[in-house]
There are 4 protein chains.
Amino acid sequence: MDNLETTINQISPEKAITQLSKKQQAVLKASLSLFAKVGYDRTSTYEIAKLAGVSEGTVFSQFKTKNQLLHAILEPFIGEILPMAASDFINQLQTTSLPHFEDFLNYIVHDRMSFVMSHRSEFKIFVQEMGRNPQLLIMLTERLNTLINRRLSEMLRFYQDKGELITWDPMRISRYIVSVILGYLLPNTLMSDEPLVIEQQTRECVEFLMRGLSA
Amino acid sequence: MDNLETTINQISPEKAITQLSKKQQAVLKASLSLFAKVGYDRTSTYEIAKLAGVSEGTVFSQFKTKNQLLHAILEPFIGEILPMAASDFINQLQTTSLPHFEDFLNYIVHDRMSFVMSHRSEFKIFVQEMGRNPQLLIMLTERLNTLINRRLSEMLRFYQDKGELITWDPMRISRYIVSVILGYLLPNTLMSDEPLVIEQQTRECVEFLMRGLSA
Amino acid sequence: MDNLETTINQISPEKAITQLSKKQQAVLKASLSLFAKVGYDRTSTYEIAKLAGVSEGTVFSQFKTKNQLLHAILEPFIGEILPMAASDFINQLQTTSLPHFEDFLNYIVHDRMSFVMSHRSEFKIFVQEMGRNPQLLIMLTERLNTLINRRLSEMLRFYQDKGELITWDPMRISRYIVSVILGYLLPNTLMSDEPLVIEQQTRECVEFLMRGLSA
Amino acid sequence: MDNLETTINQISPEKAITQLSKKQQAVLKASLSLFAKVGYDRTSTYEIAKLAGVSEGTVFSQFKTKNQLLHAILEPFIGEILPMAASDFINQLQTTSLPHFEDFLNYIVHDRMSFVMSHRSEFKIFVQEMGRNPQLLIMLTERLNTLINRRLSEMLRFYQDKGELITWDPMRISRYIVSVILGYLLPNTLMSDEPLVIEQQTRECVEFLMRGLSA
DNA sequence: AATGAATGAGTTTTCATTCAT
DNA sequence: CATGAATGAAAACTCATTCAT
């Protein structure tokens with residue numbers, strides 16, 4: 001069911017990333033790990049080089065600046081991984097027959113939890129950078145708006161028409177779904193590093209959301 | 001109703017903070033502002049001095065290091081503002097007659113939103129630091145646990161016994177309340193800097209929570 | 001016998017030093033102690049103020065700069081204590097009847113050891129500064145030359161004429177006497193801080209010098 | 001005869017020091033020169049960089065702190081140069097046939113004077129630091145004790161048994177020899193920077209010591 | 001491409017000194 | 001005179017970035 005467990009390299013095989021040599025991949029991996037753990041600003045290029053097992057010069061041979069390294073992580077995340085995940089997600093949703101809102105909720109809660117869990121590091125970096133660079137949030141929001149919201153709204157309206165979902169503004173409904181999911185993910189996943197039993201959490205989540213959102 | 005709109009200086013007039021000279025207060029204020037806006041790491045002590053209108057030496061005369069400046073902001077927040085707010089909040093709750101769960105929800109959602117809004121900067125800094133220093137979250141959680149949770153649980157059980165609140169684990173109920181509140185606060189307040197119409201948001205919030213949580 | 005146990009304040013009662021207030025004396029004493037212990041450069045005016053129990057401003061009210069504080073210690077030492085000690089010493093020598101060279105040696109070895117021991121701190125500071133400011137040594141040498149050497153040379157010649165002292169250049173003889181005394185003082189006194197049993201050391205010293213220097 | 005005129009680089013060609021690049025050697029050389037001339041505390045890393053003809057960053061690329069720079073100078077001196085010199089010196093003494101105590105004295109006085117003269121800068125720095133860090137003296141004393149004193153004592157006893165040397169404690173005899181040598185070296189060499197005519201000084205030195213120490 | 005020594009601008013920090021109270 | 005907050009110049013140190021090898 002989870003079609004999102006895509007690694008960075010599986011995403012766009014013909015693009016920049018797979019052209020990267022072993023060393024460059026190590027650099028990217030080391031950056032991802034360190035940026036997520038201690039933050040972009042507290043990670044020095046020396047530490048990246050050390051963790052990647054390369055020289056400091058090598059860190060800069062592919063990515064000209066430290067900031068490009070950050071973007072090399074975040075851009076595919078915002079520009080490819082998230083949208084692709086979103087498309088896949090939406091497509092999957094549409095082709096999957098989910099006759100009832102509860103099935104729908106079950107599906108998306110579980111799927112999104114899995115997705116975030118499998119991209120924990122990127123999320124942490126994204127969240128941290130968002131704190132300083134609100135433009136990131138705007139970029140993300142716009143992308144998701146065009147990709148998801150219209151089609152998601154259609155779906156929500158489908159269940160509203162069926163009388164299974166409260167007739168609030170779909171944006172408002174989305175906000176609650178996202179909030180409750182993040183309420184589980186943020187403390188357990190982004191802040192600490194404990195594993196998360198997705199199935200159990202999903203059940204709880206859906207139980208609450210069904211009460212709050214069914215017509 | 002909101003007894004929490006206490007500024008830093010109103011908190012402990014006889015303690016450290018009011019001993020600070022005008023210039024030192026300016027330093028603290030400038031740091032608070034810059035740390036919140038661009039983050040601790042991207043704020044130089046030179047910029048703090050410039051914004052505070054003092055010399056760079058002055059930045060270090062009271063707070064010996066830049067990191068102490070951060071702690072001078074966060075510690076009263078974690079150690080005094082939050083707990084005092086929590087106590088006030090709980091006491092207020094207990095002395096206020098809130099016969100129905102909906103009154104209770106209305107009260108806490110509005111109060112907490114107001115509180116966060118009035119300490120926006122501190123929250124932003126706290127959230128940013130939390131991303132790198134998970135220990136902060138643990139400190140906070142422990143403090144809040146001892147201060148709030150037991151008494152909050154009692155109150156929730158009061159409404160559960162009255163048959164107005166679903167008989168889930170009070171911790172789980174708290175999580176949903178917090179999640180939904182943050183779902184409103186984070187995007188509008190912490191990430192961007194737009195003003196927030198608390199009354200409207202509170203009403204929406206409570207409406208949803210009542211559906212999800214009433215027995 | 002030891003006429004040199006003069007404290008700073010006993011030296012020039014009509015001059016600056018006794019005009020000093022209690023606080024200023026404390027400053028001077030603290031400086032002396034810290035300069036001797038950790039060196040001039042590693043002593044901050046803040047530490048002087050703290051040890052003296054005064055404010056930092058007070059450190060500068062009498063002595064305009066930190067360097068003047070150093071000179072306030074060294075100048076009386078070079079300009080007054082040492083010469084006065086030297087005069088006293090020479091006068092004492094001349095008025096004291098020391099018919100034999102061995103008596104003479106005994107006297108000066110014991111007296112100089114006592115003198116250095118009672119001005120240990122000043123000596124330490126002087127030696128340390130000398131390493132960086134060779135001019136100090138020149139100043140000292142010139143002063144001692146005019147004050148002592150001529151008259152000391154006369155005395156040495158007295159014993160040479162009596163056939164009790166080898167007929168080397170008096171300067172050379174002085175050098176050996178000084179070297180051997182310092183050979184005892186430097187390790188035990190200036191470098192470490194152990195007490196020194198002067199009588200025992202004097203006897204050893206004189207025994208060796210008598211062998212090396214008697215005619 | 002003087003086997004001790006070893007420069008820093010001749011000491012351990014395969015070790016740390018020769019791994020240093022040209023620029024790093026320049027940094028070390030500049031530090032040595034400035035520390036000796038004006039003292040560690042009065043030498044700024046900027047001045048070191050300027051004298052070495054490198055950027056200030058380079059000063060810190062190899063030696064992480066200014067203090068490590070000091071240790072990079074002193075440690076090989078205490079840990080390698082002195083002990084090696086000591087061993088060489090003792091070995092040389094043992095293999096050289098020195099039938100009479102006067103030959104022995106002549107040899108060591110000349111050799112030690114040459115050694116100190118060829119490491120003047122290191123000695124100056126060492127002496128200066130010793131004034132503030134008495135632990136240095138302890139380190140040195142312990143090293144020399146284990147390396148030299150036992151074997152030197154044996155040699156002295158050899159001449160005592162031959163009836164050419166006074167039967168004092170060898171430690172006491174060493175103290176006089178060292179004192180008299182330093183009596184020549186300190187004023188002429190360490191304090192000022194004038195050259196020293198070793199042969200002449202050696203002759204005077206030995207003449208006095210022979211009188212004082214022969215049986 | 002990879003290396004790592006070198007760079008230099010920027011940052012934090014120290015501290016002697018000043019000055020209003 | 002005494003105080004101690006304020007100053008600012010200078011110091012040590014960091015680190016992203018460059019470049020010769």
Side-chain angles (χ1 to χ4, degrees), chain A residues 20-24 27 40-50 52-69, chain B residues 19-24 26-27 41-49 52-69, chain C residues 20-24 27 40-50 52-69, chain D residues 19-24 26-27 41-49 52-69:
Chain A
L20 294 178
S21 65
K22 277 270 156 61
K23 301 222 170 194
Q24 294 303 335
V27 168
Y40 175 81
D41 292 300
R42 288 172 206 182
T43 300
S44 70
T45 51
Y46 169 77
E47 280 167 329
I48 293 171
K50 205 172 60 180
V54 302
S55 74
E56 235 184 312
T58 301
V59 173
F60 288 89
S61 63
Q62 182 68 30
F63 314 100
K64 298 290 158 52
T65 68
K66 187 187 171 190
N67 208 44
Q68 277 188 28
L69 212 38
Chain B
Q19 290 169 357
L20 293 178
S21 67
K22 278 269 157 62
K23 301 227 172 194
Q24 294 301 333
V27 168
D41 292 300
R42 286 171 206 182
T43 301
S44 72
T45 53
Y46 169 77
E47 280 169 329
I48 293 172
V54 302
S55 74
E56 226 179 321
T58 301
V59 175
F60 288 91
S61 62
Q62 183 69 29
F63 314 100
K64 301 286 191 294
T65 66
K66 188 186 168 191
N67 207 45
Q68 276 188 30
L69 209 40
Chain C
L20 292 180
S21 66
K22 278 269 155 64
K23 301 223 170 194
Q24 295 303 333
V27 167
Y40 174 80
D41 291 300
R42 286 171 208 184
T43 300
S44 70
T45 51
Y46 168 78
E47 281 168 327
I48 293 171
K50 204 173 59 181
V54 302
S55 74
E56 236 184 311
T58 302
V59 174
F60 288 90
S61 62
Q62 183 68 29
F63 314 101
K64 297 291 159 50
T65 68
K66 186 185 169 191
N67 208 43
Q68 277 187 29
L69 212 39
Chain D
Q19 289 169 357
L20 295 179
S21 67
K22 278 269 156 65
K23 301 226 171 192
Q24 294 300 335
V27 167
D41 292 300
R42 287 171 206 182
T43 301
S44 72
T45 52
Y46 168 77
E47 280 168 328
I48 293 171
V54 302
S55 75
E56 223 180 323
T58 301
V59 174
F60 288 92
S61 63
Q62 183 69 29
F63 313 101
K64 300 287 190 298
T65 66
K66 188 186 167 191
N67 207 46
Q68 276 189 30
L69 209 40

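Below, chain A is the first sequence line, B the second, and so on; all start at residue 1.
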*Asks:* Test of understanding: with side-chain hydrogen bond (donor to acceptor under 3.5 Å, both in side chains), list the residues that count as partners of Thr58(B), not counting sequence neighbours.
*Replies:* Ser55(B)
*Asks:* About how many Å separate NZ of Lys66(A) and OG1 of Thr45(A), when rounded to the nearest 0.5 Å?
*Replies:*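 It is 7.0 Å, given to the nearest 0.5 Å.
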*Asks:* Take the protein atom NZ of Lys50(A) and the nucleotide atom C1' of dT3(E), then report the distance between them rounded to whole Å.
*Replies:* 17 Å
*Asks:* Nearest 0.5 angstrom please: Glu47(C) CD to Arg42(C) CZ, how far?
*Replies:*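 Between Glu47(C) CD and Arg42(C) CZ, I get 12.0 Å after rounding to 0.5 Å.
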*Asks:* Which distance, rounded to the nearest 0.5 Å, do you find between the CG of Leu69(D) and the CD1 of Ile48(D)?
*Replies:* 5.0 Å
*Asks:* Going 5' to 3' along nucleotides 13-21 of chain E, which nucleotides have protein heavy atoms under 4.0 Å from the base (write B), which only from the sugar-phosphate (write S), and which from neither (write -)?
*Replies:* BB-BBB---
*Asks:* Can you name the nearest heavy-atom pair linking Lys64(A) to Gln68(A), along with the distance?
*Replies:* N-OE1, 3.2 Å
*Asks:* State, without any angle test, whether Asn67(A) and Tyr40(A) hold a side-chain donor-acceptor pair at a distance under 3.5 Å.
*Replies:*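 Tyr40(A) and Asn67(A) do have a side-chain donor-acceptor pair below 3.5 Å.
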*Asks:* Of all the base pairs, Watson-Crick or G-U under 3.5 Å, which form stems of three or more consecutive pairs involving DNA chain F?
*Replies:* E:2-21 with F:2-21
*Asks:* Tell me the interatomic distance from Gln62(D), atom CD, to dT7(E), atom P, rounded to whole angstroms.
*Replies:*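 The answer, rounded to whole Å, is 14 Å.
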*Asks:* Choosing from dT7(E), dA6(E), dT7(F), which nucleotide comes nearest the side chain of Val54(D)?
*Replies:*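 Comparing dT7(E), dA6(E), dT7(F) against the side chain of Val54(D), the answer is dT7(E).
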*Asks:* Looking at Lys22(D), I'd like to know whether one of its side-chain N or O atoms comes within less than 4.0 Å of OP1 or OP2 on dA6(E).
*Replies:*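 Answer is no, no contact under 4.0 Å.
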*Asks:* What's Gln68(A) touching, base or sugar-phosphate or nothing? Going by heavy atoms closer than 4.0 Å.
*Replies:* nothing
*Asks:* Are Gln24(D) and dA6(E) close enough that a side-chain N or O sits under 4.0 Å from OP1 or OP2?
*Replies:* yes
*Asks:* In whole angstrom, give the distance that lies between atom CZ of Phe63(C) and atom P of dA2(F).
*Replies:*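 About 11 Å, once rounded to whole Å.
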*Asks:* Whole angstroms only, please: what is the CG-C1' distance between Leu20(D) and dG4(E)?
*Replies:*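 Taking atom C1' of dG4(E) as the reference, CG of Leu20(D) is at 14 Å.
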*Asks:* Determine the minimum heavy-atom distance between Val59(C) and Val54(C), stating which atoms define it.
*Replies:*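 In this case the closest contact between Val59(C) and Val54(C) is CG2-CG2, 4.3 Å.
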*Asks:* Any idea which heavy atoms bring Phe63(A) and Gln24(A) closest together, and the distance?
*Replies:*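 For Phe63(A) versus Gln24(A), the nearest heavy atoms are CE1-OE1, 3.8 Å.
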*Asks:* Checking Gln62(C) against Ser21(C): is there a side-chain donor and acceptor pair closer than 3.5 Å?
*Replies:*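 Distance-only check fails for Ser21(C) and Gln62(C).
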*Asks:* Closer than 4.0 Å, any side-chain N/O of Ser61(A) to the OP1 or OP2 of dT3(E)?
*Replies:*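 The answer is no; no side-chain N or O of Ser61(A) sits under 4.0 Å from OP1 or OP2.
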